[in-house]
Enquirer: 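Could you have a look at this structure, given as structure tokens, before my questions?
By convention in this document, chain letters (A, B, ...) are assigned in the order of the sequence lines, proteins followed by strands, and residues within each chain are numbered from 1.
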Protein chains: 2
Amino acid sequence: MTRSSATAARLDSASGLVTTRERWPGDTLARVDQADRGNGPCGHCDLGTLAFCDGFARRTVTSLMRVQCTLRFEAHDTLFREGDTGVAVFNVVSGAVKVYKLMPDGRRQITGFFFRGDMFGFCLDGDYAYTAEAVTPLSVCRLPMQRLHELSETAPEVQHRILLRMTAKLAQFHDHVLLLGRKTARERVATFLLALSERARRRGDPASPIPLAMGRVDIADYVGLTVETVSRTMTAFKREGLIDLPSPNHVAIPDTQALRAASDGSA
Amino acid sequence: MTRSSATAARLDSASGLVTTRERWPGDTLARVDQADRGNGPCGHCDLGTLAFCDGFARRTVTSLMRVQCTLRFEAHDTLFREGDTGVAVFNVVSGAVKVYKLMPDGRRQITGFFFRGDMFGFCLDGDYAYTAEAVTPLSVCRLPMQRLHELSETAPEVQHRILLRMTAKLAQFHDHVLLLGRKTARERVATFLLALSERARRRGDPASPIPLAMGRVDIADYVGLTVETVSRTMTAFKREGLIDLPSPNHVAIPDTQALRAASDGSA
DNA sequence: CGCAAGTTTGATGGTGCTCAACCATAGTGG
DNA sequence: CCACTATGGTTGAGCACCATCAAACTTGCG
């Protein structure tokens, strides 16, 4: 069974897991997953070494377990909105998340995609600066920022790990700003596909037939182009043999070096 | 006297301060300022509450003082380059810094400007992801990242403060990505000028006749346009009465709301 | 089968880039 | 004191790239 009773199913039990409605602000769509199942350090997820709590002292992991909360969302569900008071950070257990900002006239810029093992929703004081929305069915591990802060008094490694994640994200932003500010349409699309491929490789997944979790519109709103330009560019790449598109949502990269050349204009 | 013997002066004593050549990698241009003069918590700068060490426990401040180092640069000096191993973070005491990435064919994207009180050069493991260059004569407080990390074992507030700075920077990046990905030339320039004005206001400086520390080329490379477009846009704003340009390096904003309307297309 | 959503393709036009010249200011040396 | 130069900023003409508008195609689903 996939889901027989549509919206209602999301609020009570489904897929054999005990779930309850979540009470936190903005989380009306979330289902809380109370089942323990996973090889992760805290037993609540199967992220293994990708888990936020991986490698922490037993005591620290226990503290995190107590405040941790695994949530599930459907595609297109909103996790939180720009302007909501930021109270928690999220770790993606499975699925994909997009994070975006809107302009008054509806223009949208996606500022990040997050996949298995990624952390998002950094906020210390103040509100979320962006909206987070599930791209696919999604499972996330939520950690209240306040408790993380308290915990870091006694366990500085917690804060240090957040620092590491944020540093990585900052470096990513520098690259993305370069892409948006100075790259051509071809270079943007090539860079985007390469980044997905690189990421897959780093995670041990095959680097070449990569699945595209997001649609063309989302890609466009991420690389600062229109759907049409993204589509045209990808078919152009296909014509030129730079990529193959077995299906609209799968991209094969026969020659990484060639695509890399296309990604910075050295082609 | 301003400076009589040009380049040589930079390497020995100048302006009445005892200076020596700095030995750290990439810092061949820096002069180390060994004079104590300032109202800051550690006595090495006059940043006051803007100082990184402001509000820390006496013991923590002392630790920071011992590893701290105040450096001076001339405009166009390079502090560090993309690819250099990242060993320290910097706090701007006076002057302005730009941080940028280059593409193989010379295209440049400035990813940030930093002014009095700003912190840059975050790096944990690995290399700097960008080049940092002085825009004006510059004075910075350098803190070795390694010691900050060690210090945070006993003083978690150190790491927490870095976290705060990084969170702010992340939020800025979200805004800037929106600007680069989705805004028109007019909106970009308006947003840039408003951000400078806002910043001045927050720091207690007058919000309206704001000095432009950087040239048109730098502005263009920051907002993802060409010099010509930036120049044209600014004179257009002047024609329309949105701004005034008493000199090329000073912008007056008669009506903030009007400029704000121009910054997000609600005009 | 018909509909909806997503993707692709086509025709056309506008925004901002390119190339080029001109102007303003400050510094330099005769 | 005044060319002379260098640097940075402004202005103009033409064009390219990508956005816009429009329509056809594909796929999945009721």
Enquirer: In terms of side-chain heavy atoms of B:Arg216, which of C:dT8, D:dC18, D:dG9 is nearest?
Expert: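 Ranking C:dT8, D:dC18, D:dG9 by closest atom to the B:Arg216 side chain puts D:dG9 first.
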Enquirer: For residues A:Asn249 and A:Ser247, is any side-chain donor paired with an opposing acceptor at under 3.5 Å?
Expert: no
Enquirer: When the distance from CG of B:Leu245 to P of D:dT10 is rounded to whole Å, what number comes out?
Expert: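 After rounding, the reported distance stands at 7 Å.
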Enquirer: Expressed in angstrom and rounded to an integer, what is the separation of B:Arg182 atom CZ from D:dT20 atom C1'?
Expert: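 Atom CZ in B:Arg182 sits about 13 Å away from atom C1' in D:dT20.
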Enquirer: Which residue in the set B:Leu138, B:Asp118, B:Val140 passes side chain to side chain contact (heavy atoms under 4.5 Å, CB included) when paired with B:Phe90?
Expert: B:Val140
Enquirer: Would you say B:Tyr100 and B:Thr111 make side-chain contact, with heavy atoms under 4.5 Å?
Expert: no
Enquirer: Calculate the interatomic distance between B:Met214 atom CE and D:dG8 atom P; express it in whole Å.
Expert: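 Taking atom P of D:dG8 as the reference, CE of B:Met214 is at 15 Å.
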Enquirer: Can you tell me the distance, in whole Å, between the CG atom of A:Leu179 and the P atom of D:dC18?
Expert: 12 Å
Enquirer: Round to the nearest Å and state the distance from A:Leu212 atom CG to C:dG6 atom P.
Expert: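 From A:Leu212 CG to C:dG6 P: 15 Å.
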Enquirer: CG of B:Asp221 versus P of D:dG8: gap in Å, rounded?
Expert: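 Spelled out: CG on B:Asp221 to P on D:dG8 is 13 Å.
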Enquirer: Is it true that A:Arg203 and A:Asp205 make a salt bridge, defined as a side-chain N closer than 4.0 Å to a carboxylate O?
Expert: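 Result for this pair is no, no salt bridge flagged.
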Enquirer: Between B:Arg186 and B:Glu240, does any NZ, NE, NH1 or NH2 come within less than 4.0 Å of an OD or OE carboxylate oxygen?
Expert: yes
Enquirer: What parts of residues 223-232 of chain B reach DNA chain C, counting only heavy atoms under 4.0 Å away?
Expert: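 Those residues are B:Gly224, B:Leu225, B:Thr226, B:Glu228, B:Thr229, B:Arg232.
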Enquirer: For the pair made of CZ in B:Arg188 and C1' in C:dG16, what is the distance, rounded to whole Å?
Expert: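 Going from B:Arg188 (CZ) to C:dG16 (C1'), I get 10 Å.
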Enquirer: Rounded off to whole Å, could you give me the CZ-to-P distance for the B:Arg186 and C:dT15 pair?
Expert: 11 Å
Enquirer: Take B:Phe173 and A:His176, measure what ring pair (Phe, Tyr, Trp, His ring centres under 6.0 Å) needs, and give me the verdict at the end.
Expert: CA-CA 10 Å; B:Phe173 263 125; A:His176 201 54; over 10 Å; no
